[in-house]
A.B. asks: 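Encoded as structure tokens, here's the structure I'll be asking about.
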Number of protein chains: 2
Amino acid sequence: MTEPAPKTRKGAETRDRIVQAALELFESRGYDETTMRDVADRAGVAVGNAYYYFRSKELLLQAYYRELNARVAAAVADVLATERGFEARLRGVLLRKLDVIEPYHRFSAVLFRTAADPASPQNPFSDESRAMREDGIALYRDVLAGSRTKVPGDLAARLPELLWTFDLGVVLFWIHDRTPGRRRTRALIEHSAGLVARLVRLAANPLLAPLRRRAVRLLEELAADGAAAADPSPGA
Amino acid sequence: MTEPAPKTRKGAETRDRIVQAALELFESRGYDETTMRDVADRAGVAVGNAYYYFRSKELLLQAYYRELNARVAAAVADVLATERGFEARLRGVLLRKLDVIEPYHRFSAVLFRTAADPASPQNPFSDESRAMREDGIALYRDVLAGSRTKVPGDLAARLPELLWTFDLGVVLFWIHDRTPGRRRTRALIEHSAGLVARLVRLAANPLLAPLRRRAVRLLEELAADGAAAADPSPGA
DNA sequence: CCGCCGTCTTGAACGCGTTCAAGAACTACC
DNA sequence: GGTAGTTCTTGAACGCGTTCAAGACGGCGG
């Protein structure tokens, strides 16, 4: 995942020492304030050595990011196993995720800064992120599948993507949320889970079928188009 | 807007020469590939002088950004003066905007990269961007006011913000759109304008009043909270 | 034990954005 | 014209992320 996987025991140890040093410094001092020379010093190696294992400073931060994603997945599993209602599952997933990532709010800006660049492999719509994107969508497929809510056929195929986009929106909001304990983000999740659930139920109403079909058609068009040309992203 | 406004005629000329050089180089060579030394050389000044007028390279790029915004506002005025239907106004505004910014798609990544950082003044939710944000919201207040569509009272107060957020979403989509002529973004605008218009009309339906009130309450809560603590951003 | 080859490690050097102390140019007032 | 005070201009220097040519290390076939 991050260049030359160490081939020897010693190599692996050095790599670990570098990651360890980096994470400690990032955490205590912040990303921008930590220099690669600091990291190398603390790990007891030369700067060049850090670059032997990580092509860039940013990639060093990614170690954090991957770790986080794994922990989110673990934290969320338990909600998916217990809750049965769609609203409860959606809310539960988002709140758990929030709990896990909260301590890293400091870094979110840096992570997001690079994730925002369409050219960056960290961008959620990039080819390189395909696996993670699909994991995210699969998560919401599961949220839906495990609940009793019935979703109209045409919408069912697109709804997981839509919910994943909603998740991205919540994270975006979280990044910008400077209230203590991320109070606003919690309020957003608390209330919007109910709203989303109601909207999904509403979408099943036959009176609204024409509108729903229009919306689904748009989503399909964008997705199909994207597969050929660039990225399969939804809109807002 | 960008530090020491020149106090003398000569100062203003130097400043202009620097902006000019920067824009030409950015356009022909790209932002990252242009160095401040290049800019200074082409403008016939010392590096330090460029920094006397612009505190950073990024601020130099902002010259572009502000210029663009002004041109968008101008291009859009004509739509607002002629069109009367809400849908046509919304679609027209977005398409015009797209036409104006299209030639600068190259830079959008760089602009967005910094706009994404919550700590950056260029961030659309920052205090420093308050003026531009409010201009954007005002634009959509105008889109609504000039149309015949009737919007329920409680929603009317929040809808301009919501539409501005939708606008942000479209721009985000555009940034990631790599199809020729930005075909996908055009499709998105083309279809979603109608959808949004229908949704607004739907919101007036008395049967949906409870749902609408819930949504409006959430928006109000987030806005009020934000004013006190950090930023008044909406969610997804 | 030797020599070889892949793996790992070094630190000087590069190019960049940015800062700053020094001074030149200009203006205003006497 | 002289002087004081802005305003503008300079270029060397700094700290950073990053690169790279050179060498040290370590195991394996002979």
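These numbers were taken from a predicted model, which means no experiment stands behind them.
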A.B. asks: For the pair made of CG in B:Asp32 and P in D:dG17, what is the distance, rounded to whole Å?
C.D. replies: 17 Å
A.B. asks: If you take all heavy atoms of A:Ala215 and B:Leu195, which pair is closest and at what distance?
C.D. replies: CA-CD1, 3.7 Å
A.B. asks: Round to the nearest Å and state the distance from B:Phe54 atom CZ to C:dG17 atom P.
C.D. replies: 15 Å
A.B. asks: Under 4.0 Å between a side-chain nitrogen and a carboxylate oxygen: does that hold for B:Arg71 and B:Asp99?
C.D. replies: no
A.B. asks: So, is B:Lys10 close to the D:dT9 phosphate, meaning a side-chain N or O under 4.0 Å from OP1 or OP2?
C.D. replies: yes
A.B. asks: Pick the nucleotide of DNA chain D nearest each of B:Val45 and A:Asp38; which residue has the one closer to the 5' end?
C.D. replies: B:Val45
A.B. asks: Ignoring the backbone of B:Thr35, work out which of C:dG17, D:dG17, C:dC8 is nearest its side chain.
C.D. replies: C:dG17
A.B. asks: Just how far, in rounded Å, is P of D:dC8 from CZ of B:Arg17?
C.D. replies: 13 Å
A.B. asks: CE of B:Met36 versus C1' of D:dA13: gap in Å, rounded?
C.D. replies: 17 Å
A.B. asks: Examine C:dT19: is either OP1 or OP2 under 4.0 Å from a nitrogen or oxygen in the side chain of B:Tyr51? Give yes or no.
C.D. replies: no
A.B. asks: For the pair made of CG in A:Leu61 and C1' in D:dG17, what is the distance, rounded to whole Å?
C.D. replies: 15 Å
A.B. asks: Respond yes when some side-chain nitrogen or oxygen of A:Tyr52 is under 4.0 Å from OP1 or OP2 of C:dC8, and no when none is.
C.D. replies: yes
A.B. asks: Is the OH atom of B:Tyr104 crowded by more than 12 outside heavy atoms at less than 6.0 Å?
C.D. replies: yes
A.B. asks: Whole Å only: how far is the CZ atom of B:Arg9 from the C1' atom of D:dT7?
C.D. replies: 16 Å
A.B. asks: OP1 or OP2 of D:dC8 sitting under 4.0 Å from any side-chain N/O of B:Thr8?
C.D. replies: yes
A.B. asks: Between B:Asp117 and A:Arg113, does any side-chain N to carboxylate O distance fall below 4.0 Å?
C.D. replies: yes
A.B. asks: Quick check for you: among D:dT7, C:dT18, D:dT18, whose closest atom lies nearest to any side-chain atom of B:Val47?
C.D. replies: C:dT18
A.B. asks: From the options C:dC8, C:dG11, D:dC8, select the nucleotide whose nearest atom is closest to the side chain of B:Tyr53.
C.D. replies: D:dC8
A.B. asks: Nearest-Å distance, CD (B:Glu13) to C1' (D:dT9)?
C.D. replies: 15 Å
A.B. asks: Would you say A:Asn49 places a side-chain N or O within less than 4.0 Å of OP1 or OP2 belonging to C:dC8?
C.D. replies: no
A.B. asks: Establish, for the pair A:Lys57 and A:Tyr31, whether the NZ or CZ atom is under 6.0 angstrom from the six-membered ring centre and no further than 45 degrees off its axis.
C.D. replies: yes
A.B. asks: Under 4.0 Å: is that the gap between some side-chain N or O of A:Thr14 and OP1 or OP2 of C:dC8?
C.D. replies: no
A.B. asks: Among C:dC8, C:dT18, D:dG17, which nucleotide sits nearest the side chain of B:Arg37?
C.D. replies: C:dT18
A.B. asks: In whole Å, I'd like the distance from the NZ atom of B:Lys7 to the P atom of D:dG5.
C.D. replies: 18 Å
A.B. asks: Under 4.0 Å between any heavy atoms, over every strand shown, what does B:Gly48 touch: base, sugar-phosphate, or nothing? Just pick one.
C.D. replies: base
